[in-house]
Amino acid sequence: MQRLRTFLDSHCDNTAVVEIIDGLMVACKDIAHRLQLGSLAGVLGSAEQENVQGECQKKLDVIANDLIKDCLAGIPSVKGLASEEEELPVACNAKGEYLVLFDPLDGSSNIDVNVTVGTIFSILSADANADAASDAAYLQAGNQQVAAGYVLYGPSTLLVLTTGDGVFSFTLDARIGEFMLERQNIRISETTQEFAINMSNQRFWLPEMQQYVGDLLLGEEGPLGKRYNMRWIASMVAEIHRILTRGGIFMYPYDSREPSKPGKLRLMYEGNPMSMLVEQAGGGASTAFENIMNIKPDGIHQRVSVVMGSAQEVETAISYHVKN
Ligand code: AFP
C-alpha cells in the first residue's frame, strides 16, 4: 500500500501542486477528526450566521473554512484562495503560482444527522500579475483546472483526486494519520440504471427535464426500456462518490424557484471540480445544454445546472434538451 505523498511524488511532476494537496490534507484530517467526535467536539449545530449565498452556516462550516484557509495560507505556492463561505477571495503569497478554490464542507445541512459530507477543491494556475484578492484572477473555465478532488467524511474518510491523468482514491488510516492508495484509474460505467435528483423540485424544472425524469420513472415500460432505481443523499460528495463507484447519473438542473439563477450548485466549488473528476473517469458532465467545464465564469459564486455521471445516460438526458 502506498502513502499519498509517495504516490504524488511519483505520479505528479509538479512539486508545487503536490505540496498544495499534501498541505490541504492536513486541514482535512483535522476536519475528519472533529466530525468523528461530533457533539463531543462541540461542532454540531448552527453558527447563527449566513454565508455569502444567504445560507445558514453550520458551526463546522466556519471551522472547516478557517482550518483550510490557515493551512493554504502557509503554503508558499498558494497565491490566493476562494471559498464558498467567503464573499471575497483572499490573497496569500505574492510569489505563489496557484489559486485554490474550495467548498469546505459540502452537504453541511447533513452534519447534525450524521450523514456523509465532504470538502471539494479545485486548483488553478495564477497569472504572475494577477491580483489574488480580486475575483478576476479566479474566473477561469473548468477546463483550465490543474487538479481537483474531494475528501469524503463517511464511515471512512476518503480522498478522491485527479491531477489531469486519471482518478485515484485514498483511504485515511486514522491509526497512522496517512491517506493510503486504494483505487487507481477509476472508471465510471458507461451505462446505468440509477439516478439521483431532488424530486421535490419536479414542478419547477424545465419541461425537457420533466419529460426525461418522467421517462426514467416509466422504467421498462417507457421509451428508455429499463427499470431505474433512485438515490438522493443531498450531499453531492456522497452522490458523486457513489457514481464513481457503481455508475449513475446525478442531476441538479435549472429550476424556476429563483429564475435568475442557472441552478443551485456553485460552478467554481462544486460544478467544475466534480466535472473534472467525472470526465477523467470517463463520464459526462453537462448543464444539459453545454459542457460545464467550457463555461467562462463571470463570478466566483456563480451557480450552474448540473447533469453528470455515466456517459451514455448523460447523453440521453442531453438529447431531451437538444431535440426540443
Ligand atoms: P448544503 O451544503 O447546504 O447542505 O448543500 C448541499 C448541496 O450543495 C449539494 O451537496 C447537494 O446535492 C444539494 O445541495 C442538496 O440540495 P437539496 O437541499 O435540494 O437537497
Side-chain angles (χ1 to χ4, degrees), residues 28 31 34-35 43-65 68 82-86 101-122 148-154 158 160 194-206 209-210 213 230-244 248-258 261-275 277-278 285-288 292 300-309 314 317:
C28 291
I31 296 167
R34 291 172 198 244
L35 276 165
V43 296
L44 304 186
S46 163
E48 288 175 4
Q49 62 192 54
E50 285 187 347
N51 67 9
V52 59
Q53 329 272 348
E55 298 157 339
C56 168
Q57 283 181 311
K58 298 285 177 185
K59 275 189 212 158
L60 208 56
D61 278 332
V62 178
I63 295 169
N65 189 51
I68 295 175
S83 163
E84 190 206 299
E85 301 297 335
E86 306 260 345
L101 300 95
F102 58 93
D103 180 350
L105 214 54
D106 188 63
S108 57
S109 55
N110 287 320
I111 297 173
D112 292 349
V113 289
N114 209 4
V115 166
T116 297
V117 292
T119 297
I120 311 173
F121 61 91
S122 160
Y150 59 77
V151 175
L152 174 150
Y153 311 102
L158 304 175
V160 179
E194 199 159 67
F195 70 98
I197 195 164
N198 185 342
M199 285 295 297
S200 67
N201 298 325
Q202 182 173 20
R203 68 189 186 283
F204 303 112
W205 301 333
L206 293 174
M209 185 53 75
Q210 303 225 20
V213 176
M230 197 195 93
R231 285 283 184 274
W232 184 250
I233 303 171
S235 180
M236 189 185 191
V237 170
E239 232 86 65
I240 298 303
H241 193 68
R242 185 184 60 250
I243 288 171
L244 284 165
I249 185 167
F250 168 84
M251 293 168 283
Y252 215 115
Y254 168 82
D255 67 51
S256 59
R257 286 175 298 168
E258 292 185 79
K261 292 183 180 162
K264 176 183 173 182
L265 303 183
R266 298 81 175 167
L267 175 63
M268 311 297 284
Y269 316 109
E270 294 170 311
N272 279 339
M274 292 307 202
S275 294
L277 287 164
V278 166
S286 170
T287 62
I292 291 174
I300 57 168
H301 297 298
Q302 182 172 337
R303 311 268 180 154
V304 69
S305 164
V306 169
V307 176
M308 61 171 72
V314 171

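Start at 1 and go down the list; that is how both ligands and their atoms are numbered.
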Would one find an N or O of W232, backbone or side chain, under 3.5 Å from an N or O of ligand 1?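 Yes, there is a polar N/O contact under 3.5 Å.
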G107 N/O to ligand 1 N/O under 3.5 Å: yes
Classify the ring geometry of H301 against Y269: parallel below 30°, tilted from 30° to 60°, perpendicular beyond 60°. tilted
Under a 4.0 angstrom heavy-atom cut-off, which atoms of ligand 1 come close to [X]?
X: R266; result: 8 (O)
X: S108; result: 1 (P), 2 (O), 4 (O)
X: N198; result: 17 (P), 19 (O), 20 (O)

If the contact criterion is a heavy-atom separation under 4.0 Å, does E239 count as touching ligand 1? no
I'd like to know whether CD of Q202 has more than 12 heavy-atom contacts from other residues, nucleotides or ligands below 6.0 angstrom.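 Atom CD in Q202 is packed in, count exceeds 12.
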Is it true that atom CG of N114 has more than 12 heavy atoms of other residues, nucleotides or ligands lying nearer than 6.0 Å?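 12 or below, so no.
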Can you tell me which portion of [X] lies within the under-4.0 Å heavy-atom range of ligand 1? Options are side chain, backbone, both, or neither.
X: F250; result: side chain
X: L265; result: side chain
X: S109; result: both

Answer yes or no: is there an ion pair linking R242 with E194, defined by an N-O contact shorter than 4.0 Å?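 The answer is yes: the pair qualifies as a salt bridge.
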Would you mind reporting whether M268 and S122 have side-chain heavy atoms less than 4.5 Å apart? no
So, S83 and N65: side-chain donor and acceptor under 3.5 Å apart, yes or no? yes
Give a yes or no on whether the backbone of S305 and the side-chain of T287 come within a donor-acceptor separation of less than 3.5 Å.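 Checked: no pair found.
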